[in-house]
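Only one structure is covered here, and it is reproduced in the block below.
Just so it is clear, the values below take in all heavy atoms, side chains as well, and ignore hydrogens, waters and symmetry mates.
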Amino acid sequence: MFQVAVIVFAFATLASFIQRVSGFGFGIAIMTVLPFLLPSFGEATALSGMLAIVTALLTALRMFRYVPWRKLLPILAAFLVVSFIAVGMLGRVDNAALKKVLGVTLILVSLWFFFFSSRVHLPASMPVQLSMGTLSGLMGGLFAMQGPPAVIYFISASRTKEEYIALTQWYFLVGNIMMTFFRAGNGFVTPVVLKLWAVAVPGVLAGLWIGGKVYSRIDIALLRKIVYAFLAVAGVVALF
């Protein structure tokens with residue numbers, strides 16, 4: 001248990017650092033290891049989501065006045081409905097199969113951000129919000145990785161950096177709070193999850209602090225490419 005706690009602490013620090021510097025990626029980064037450390041895949045997603053609440057809380061409260069609700073509420077509503085269904089599916093799917101699907105998902109996410117993310121721009125229309133919310137709900141409910149579809153939409157829909165940050169952080173905050181209730185109702189918030197959450201929160205806070213200190217001193221584009229390459233490797237490892 002001690003070794004697991006150390007690894008979780010270390011990856012919580014790394015994932016929150018990535019989140020602070022690049023604006024997203026906490027769930028993606030930490031889910032490369034949690035499914036292999038916790039007793040079940042559902043518990044891994046529960047721990048990831050509970051830690052993600054910590055990463056989003058302070059920034060979301062600080063940026064509340066910048067939230068354009070008409071750009072947030074439809075995608076959030078679609079996400080909550082679909083993620084509720086997806087979380088309910090976790091207990092009925094084999095853990096080994098989920099880890100292999102996670103591996104494929106990590107590889108596809110990596111390829112998307114490497115080659116296509118900068119070329120795709122989506123309008124803030126209702127069909128776009130509902131479709132991105134649906135895809136995000138599936139990825140969030142099954143893998144605690146709801147970020148990529150939502151980030152693609154929010155980048156295209158935001159007029160300013162402040163608006164983008166407000167949209168993403170409120171989406172992650174509300175989404176992860178609600179999914180924690182969904183997961184608790186399905187029995188995934190266990191004593192093991194709570195103990196590791198308590199261990200990892202200081203790591204999350206440390207990663208956010210370090211990321212804030214070095215944000216203006218590092219090449220963010222290079223960091224993102226390193227993260228995408230790491231995701232691809234993690235995906236291959238998860239497959240085999």
Residue pair [X] / [Y]: nearest heavy atoms and the distance that separates them:
X	Y	answer
Ile30	Ala12	CD1-CA, 3.9 Å
Val8	Ala200	CG1-CB, 3.8 Å
Leu90	Gly141	CD1-O, 3.4 Å
Val67	Leu72	CG1-CD2, 3.8 Å
Gly42	Phe188	O-CB, 3.6 Å
Val193	Leu47	O-CD1, 3.7 Å

Going only through I, L, V, M, F, W and Y residues with side-chain contacts under 4.5 Å, is there a path from [X] to [Y]?
X	Y	result
Leu138	Phe172	no
Leu130	Tyr171	no
Val54	Phe64	yes
Val33	Val104	yes
Leu76	Phe181	yes

Between Arg20 and Thr59, is a side chain to side chain contact (heavy atoms under 4.5 Å, CB included) present by the stated rule, with each step listed? CA-CA 10 Å; Arg20 176 63 182 85; Thr59 304; over 6 Å; no

Flag side-chain contact, heavy atom, 4.5 Å: [X] against [Y]:
X	Y	value
Val128	Tyr153	yes
Ile210	Lys213	no
Leu61	Gln169	no

Begin with the C-alpha distance, continue with both residues' side-chain angles, and end with the deciding distance and a verdict on side chain to side chain contact (heavy atoms under 4.5 Å, CB included) for Val201 and Leu51. CA-CA 7 Å; Val201 165; Leu51 291 173; 4.0 Å; yes

Mind running ring-ring contact (aromatic ring centres under 6.0 Å, His included) on Tyr164 and Phe154 for me, showing each step along the way? CA-CA 6 Å; Tyr164 166 73; Phe154 289 138; 7.4 Å; no

Is atom CH2 of Trp197 surrounded by more than 12 heavy atoms (other residues, nucleotides or ligands) closer than 6.0 Å?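 Not buried by this count: 12 neighbours or fewer within 6.0 Å.
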
